[in-house]
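Worksheet: one structure, shown below.
None of the values given here were measured: they were computed from a predicted structure.
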Amino acid sequence: MSRPTIKTIAQETGLSIATVSKALKHSPQVRPETRAIVFDAAERIGYELNLHGVQLRTGKTFQVAAIMTAPGPKQDEWEGVEYAQLLSGISWALEESPYRVSLYAVRDFEESLATLKQIVSLKKADGIIISGTRADDPRIRVMQEADFPFVTYGMSIDNEPHAYVDADNEQMIRVSMARLIARGHRRIALLNPMEQLTYGIVRLKSYREALETAGLPFDPVLVAHGRLTPAFGRENVIAMSGLADPPTAYICANEATALGAFSGFHARGLVHGRDAVINATDDLNVSQYFAPPITTFYLPIGEPSALLGKFILRRMEGEPPEALQTLLMPDLIERCDDRLRPER
C-alpha cells in the first residue's frame with residue numbers, strides 16, 4: 001500500500017491540493033473549520049508531514065526555543081512557579097501546530113543572553129520565548145535588530161514595542177495596598193523581586209503611588225528586593241519586625257516568600273491577625289493550606305503559558321507585536337479579613 005500524500009487527503013476531503021497544503025502548514029488563509037477537516041482526514045488515513053523535506057525547502061526548523069532560568073544543583077530553595085509549569089502550557093498551545101518547544105535551561109541572565117545570541121545567529125529556532133525581563137533588556141534588542149520572532153513573559157519599559165504576556169502587577173499592588181489601608185494598616189512592607197526585573201520596578205512604583213494617594217509616607221526600610229525564596233521572606237520579617245515601628249502587613253511577591261514570612265512570624269512570636277498579616281500576589285493554590293490561609297491573587301499558570309504559545313505562533317506568521325501584548329489581572333482570593341484584632 002502506497003504512503004498517503006497531500007493528494008490523498010485532497011481526494012478524501014474534496015478540497016484542492018493547495019488548500020490541503022496550506023492547512024497542513026497552519027496558514028492563516030485557511031479557516032479553522034477547514035483545517036480541522038484536513039487534520040481529521042490526515043489522521044484517519046495515517047498521513048505524516050515530511051518535516052525534513054519542508055525544512056530543506058523553507059529553511060525552517062519548526063522549533064520554538066524557550067530560554068528559561070532553571071535551579072542549579074545547589075539551589076534547593078523553592079521559588080514558586082517553576083519553568084516546567086510554563087513549558088507545559090506552551091507545549092499544549094503548540095500541540096496542533098508543526099512546531100515543538102526546545103528548552104534551553106540557563107543558570108543566569110548572562111547565560112540567557114549568550115544562549116539567545118547563538119540561537120539567533122545560527123537560526124537554531126524559528127521563534128524564541130524568554131522570561132525574567134528587565135527594564136531595558138539587551139536580549140530584546142538582539143532579537144529586534146535581527147527581526148527575529150519572539151514573545152516575552154514579562155514586559156519591558158525602555159525597549160521598542162514587542163509581544164508579551166504579563167500579570168498586571170501595577171493593578172495588583174494598587175488593589176492590595178488600597179485594601180490593606182482601608183483595613184487600618186499604615187506600615188505595609190513590600191517583599192519584592194530583584195530590583196532589575198521589570199515587574200519589581202512596576203510593583204515598587206505602584207506601591208509608592210498608593211502610599212501617596214493615601215497620604216502615607218514612603219519608608220525605604222519597609223521595602224526589600226531579592227530572590228523570592230522562603231529564606232528571603234523569613235529574613236525580612238525577622239529584620240522588619242524588630243524595627244521601632246514595625247510593619248503590620250507584609251505584601252509578598254509570591255507564596256514561597258509568604259511561607260518564609262510565616263516562619264519569621266514563628267521565630268518572632270508574632271500571631272497572624274493580631275500582630276501583623278501576610279498577603280501574597282502569586283498564588284499557586286498553596287496559600288489555602290497555610291495556617292491560617294492568607295489573602296492572595298490567583299492566576300492559573302496555564303493561562304499565561306498558553307498565551308505565550310499562541311502569541312509566538314502568530315508572531316512567526318508575521319502578526320505585528322503591538323497586537324500581541326496582554327496584561328492578565330489575577331483574581332483576588334480573600335481568605336482573611338486582614339484587620340488586626342489585638343484580642344487574639
Taking side-chain contact (heavy atoms from CB on, under 4.5 Å) as the definition, give me every residue that meets it alongside [X], ordered by chain and number, with sequence neighbours left out.
X      : answer
Leu211 : Met177, Tyr207, Leu216, Phe218
Glu334 : Arg179, Arg183, Thr295, Leu332
Ser112 : Ile67, Val106, Arg139

Minimum heavy-atom distance between [X] and [Y], given as atom pair plus value:
X      : Y      : value
Asn236 : Ala224 : OD1-CB, 3.1 Å
Val101 : Ala66  : CG1-CB, 3.8 Å
Ile278 : Cys252 : CG2-SG, 3.9 Å
Met194 : Arg227 : CG-N, 4.1 Å
Arg234 : Ala267 : NH1-CB, 3.9 Å
Ala276 : Tyr250 : CB-CE1, 4.0 Å

Note, [X] side chain near [Y] side chain (heavy atom, < 4.5 Å):
X      : Y      : value
Leu340 : Arg274 : no
Leu86  : Ile301 : yes
Phe262 : Ile294 : yes
Thr296 : Asn279 : no
Ser287 : Arg335 : yes
Arg315 : Pro321 : yes
Val20  : Thr13  : yes
Met68  : Ser131 : yes

Point to revise | CA sep, side-chain torsions, deciding dist, call: Ser88, Ser91, side-chain hydrogen bond (donor to acceptor under 3.5 Å, both in side chains) | key: CA-CA 5 Å; Ser88 176; Ser91 297; over 6 Å; no
Interatomic spacing from [atom1] in [X] to [atom2] in [Y] - rounded to 0.5 Å:
X      : Y      : atom1 : atom2 : value
Thr115 : Arg107 : OG1   : CZ    : 9.0 Å
His162 : Asp137 : NE2   : CG    : 7.5 Å
Gln63  : Leu94  : CD    : CG    : 10.0 Å
Ile188 : Ile173 : CD1   : CD1   : 10.0 Å
Leu259 : Thr229 : CG    : OG1   : 10.0 Å
Met316 : Phe150 : CE    : CZ    : 13.5 Å

Review point. Where do Val271 and Phe265 land on the side-chain contact (heavy atoms from CB on, under 4.5 Å) test, with the steps shown first?
Key: CA-CA 7 Å; Val271 174; Phe265 271 42; over 6 Å; no
For the [atom1] atom on [X], are there more than 12 heavy atoms of other groups (residues, nucleotides or ligands in this structure) within a distance under 6.0 Å?
X      : atom1 : value
Arg187 : CZ    : yes
Asp147 : CG    : no
Arg31  : CZ    : no
Glu111 : CD    : yes

Exercise for review: Check the pair Tyr153 / Tyr164 against ring pair (Phe, Tyr, Trp, His ring centres under 6.0 Å), numbers first and verdict last.
Suggested key: CA-CA 6 Å; Tyr153 186 33; Tyr164 66 78; over 10 Å; no
Same cluster for [X] and [Y] if Ile/Leu/Val/Met/Phe/Trp/Tyr side chains link at under 4.5 Å?
X      : Y      : result
Trp92  : Leu299 : no
Ile238 : Val221 : no
Ile201 : Leu222 : no
Phe290 : Leu191 : yes
Leu327 : Val165 : no

Practice item. Would you mind listing every side chain to side chain donor-acceptor pair (under 3.5 Å) that reaches into residues 197-206, with sequence neighbours excluded? Key: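 As it turns out, the side chain to side chain donor-acceptor pair (under 3.5 Å) pairs with a partner in residues 197-206, which skip direct neighbours, are Asn169-Arg203, Arg203-Thr281, Lys205-Glu209.
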Review point. So which pairs with a foot in residues 95-128 pass ring pair (Phe, Tyr, Trp, His ring centres under 6.0 Å), sequence neighbours left out?
Key: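 Passing the test, one end in residues 95-128: Phe62-Tyr99.
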Exercise for review: Could you walk me through whether Gln171 and Val175 pass the side-chain contact (heavy atoms from CB on, under 4.5 Å) test, one step at a time?
Suggested key: CA-CA 6 Å; Gln171 176 79 342; Val175 171; 4.1 Å; yes
Closer than 3.5 angstrom, by distance alone: can the side chain of [X] be matched with the main-chain N or O of [Y] as a donor-acceptor pair?
X      : Y      : value
Arg341 : Asp338 : no
Arg186 : Ile181 : yes
His185 : Leu180 : no
Thr34  : Val30  : no
Gln144 : Pro161 : yes
Gln196 : Arg134 : no

Review point. Any salt bridge (Lys or Arg N to Asp or Glu O under 4.0 Å) pairs touching residues 152-171, not counting sequence neighbours?
Key: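 Non-adjacent pairs meeting salt bridge (Lys or Arg N to Asp or Glu O under 4.0 Å): Glu170-Arg174.
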Exercise for review: Using the side-chain contact (heavy atoms from CB on, under 4.5 Å) rule, pick out the option among Thr152, Thr133, Asp136 that qualifies with Asn159.
Suggested key: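 Exactly one pass, corresponding to Asp136.
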Review point. Which residue, Leu308, Leu307, Ile128, forms the side-chain contact (heavy atoms from CB on, under 4.5 Å) with Val151?
Key: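 For Val151, the side-chain contact (heavy atoms from CB on, under 4.5 Å) check succeeds only for Leu308.
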Review point. Can you list the steps and then say if Met172 with Phe297 is a side-chain contact (heavy atoms from CB on, under 4.5 Å)?
Key: CA-CA 8 Å; Met172 273 193 287; Phe297 279 95; 3.7 Å; yes
Check your understanding: So Val277 and His272, side-chain contact (heavy atoms from CB on, under 4.5 Å) or not? Walk me through it.
Key -> CA-CA 5 Å; Val277 298; His272 189 276; 3.8 Å; yes
Exercise for review: May I ask you to decide whether Asp275 forms a salt bridge with Arg268, counting only side-chain N to carboxylate O separations under 4.0 Å?
Suggested key: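 So Asp275 does not pair with Arg268 through a salt bridge.
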